[in-house]
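Here, residue 1 is the first one in the sequence, and each next residue gets the next number. Here the structure is a predicted model, which is why all the values come from computation and not from measurement.
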Amino acid sequence: MIDTVAWVCLSEGRVLGTRTRGRELFYIPGGKRRSGESDTDTLFREVREEVAVDLLPGTVEHFGTYEADADGHGAGVLVRMACYTAEHRGTPVASAEIEEVRWLEYADRDLTAPVDRAVFDDLKAAGRLV
């Protein structure tokens, strides 16, 4: 099981997606927890590294936790992704290993990793994703 944390950032009915250099699929910004890190520690660090924005303490809310096959890790490897929403300061831009940042609609669902598709489905069902 790969343990990850992700930031669900919505704007005008679209969700922020990132594509890592050399990869085809988009991912909701976030990443793997380091030893001893809390969800919020991981979230703040990964979002800063990947899209160069600061999340605002006190605005973080759990959105949901999802599990699916881990993209690119072979059969039987699962990823668990704890998702959070939070207000932020700054404009998301590609940083570190991120090659592209894009605002994704539900029609872009198949361009994302399997675990992200479940998030897209929940956002669409809640009327939060165009």
Side-chain angles (χ1 to χ4, degrees):
M1 178 70 68
I2 300 171
D3 182 27
T4 66
V5 178
W7 177 44
V8 178
C9 179
L10 295 165
S11 179
E12 299 178 4
R14 291 167 177 80
V15 64
L16 184 65
T18 58
R19 188 177 56 77
T20 303
R21 199 167 280 106
R23 303 287 290 237
E24 290 185 26
L25 296 179
F26 283 84
Y27 298 81
I28 295 171
K32 296 176 190 167
R33 179 189 326 272
R34 291 182 181 160
S35 179
E37 274 187 331
S38 68
D39 280 9
T40 53
D41 291 340
T42 304
L43 186 68
F44 281 52
R45 177 182 53 78
E46 286 286 346
V47 167
R48 183 78 179 112
E49 288 174 4
E50 291 188 355
V51 294
V53 299
D54 293 313
L55 300 183
L56 302 179
T59 68
V60 177
E61 293 185 23
H62 185 253
F63 178 79
T65 300
Y66 300 84
E67 289 184 10
D69 291 331
D71 178 51
H73 288 275
V77 178
L78 296 176
V79 63
R80 177 182 297 128
M81 185 170 74
C83 295
Y84 294 86
T85 59
E87 294 178 25
H88 66 283
R89 181 177 24 255
T91 302
V93 296
S95 184
E97 76 272 12
I98 302 303
E99 184 169 6
E100 183 179 0
V101 171
R102 186 187 297 179
W103 291 100
L104 303 170
E105 301 177 353
Y106 190 74
D108 300 314
R109 179 183 179 275
D110 290 341
L111 300 176
T112 67
V115 72
D116 291 33
R117 294 173 191 161
V119 178
F120 273 57
D121 292 344
D122 282 356
L123 288 169
K124 181 69 171 173
R128 298 180 71 187
L129 194 60
V130 295

Practice task
Go through V101 and V51 one step at a time and tell me if the side-chain contact (heavy atoms from CB on, under 4.5 Å) criterion holds.
Solution key: CA-CA 8 Å; V101 171; V51 294; 4.2 Å; yes
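- The side-chain hydrogen bond (donor to acceptor under 3.5 Å, both in side chains) test applied to E105 returns R14, not counting sequence neighbours.
- In this structure, the side chains of I98 and R19 stay at 4.5 Å or more apart for every pair of heavy atoms.
- With sequence neighbours excluded, no residue forms a side-chain hydrogen bond (donor to acceptor under 3.5 Å, both in side chains) with S95.
- Residues R34 and R45 have side chains in contact (heavy-atom distance under 4.5 Å, counting atoms from C-beta outward).
- In this structure the side chain of L16 reaches within 4.5 angstrom of the side chain of P29, judged on heavy atoms.
- Each side-chain hydrogen bond (donor to acceptor under 3.5 Å, both in side chains) pair with one or both residues in residues 52-61, not counting sequence neighbours, appears once here: R48-D54.
- In the hydrophobic clustering, where aliphatic and aromatic side chains (Ile, Leu, Val, Met, Phe, Trp, Tyr) are joined below 4.5 Å either directly or transitively, V130 stands alone.
- In this structure, the side chains of T40 and E37 stay at 4.5 Å or more apart for every pair of heavy atoms.
- Cluster note: F120 groups with I2, V8, L10, V15, F26, I28, F63, Y66, V77, V79, M81, L104, Y106, L111, V115, V119, L123, L129 through ILVMFWY side-chain heavy atoms spaced under 4.5 Å, whether in direct contact or through intervening members.
- Between V53 and T91, the closest side-chain pair of non-hydrogen atoms is not below 4.5 Å.
- Residues L25 and D110 come closest through the heavy atom pair CD2-O, 4.1 Å.
- Rounding to the nearest 0.5 Å gives a distance of 9.0 Å between OH of Y27 and OG1 of T18.
- Separation of atoms CG (L78) and CG (D3) is listed at 12.5 Å; rounding is to 0.5 Å.
- Using modelled atom types and a 3.5 Å distance limit, the side chains of T42 and D39 yield no donor-acceptor pair.
- The side-chain heavy atoms of R33 and V5, taken from C-beta on, include a pair separated by under 4.5 Å.
- With sequence neighbours left out, the salt bridge (Lys or Arg N to Asp or Glu O under 4.0 Å) criterion links R102 to E100.
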Discussion item. Using the rule given for side-chain contact (heavy atoms from CB on, under 4.5 Å), can you reason through L56 versus R89, listing the C-alpha separation, both sets of side-chain angles and the distance that settles it, and then say yes or no?
Written reply: CA-CA 7 Å; L56 302 179; R89 181 177 24 255; 3.4 Å; yes
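- With contacts defined as side-chain heavy-atom distances shorter than 4.5 Å, the pair H88/C9 qualifies.
- Looking only at side-chain heavy atoms (C-beta outward), W7 and E46 stay at 4.5 Å or farther from each other.
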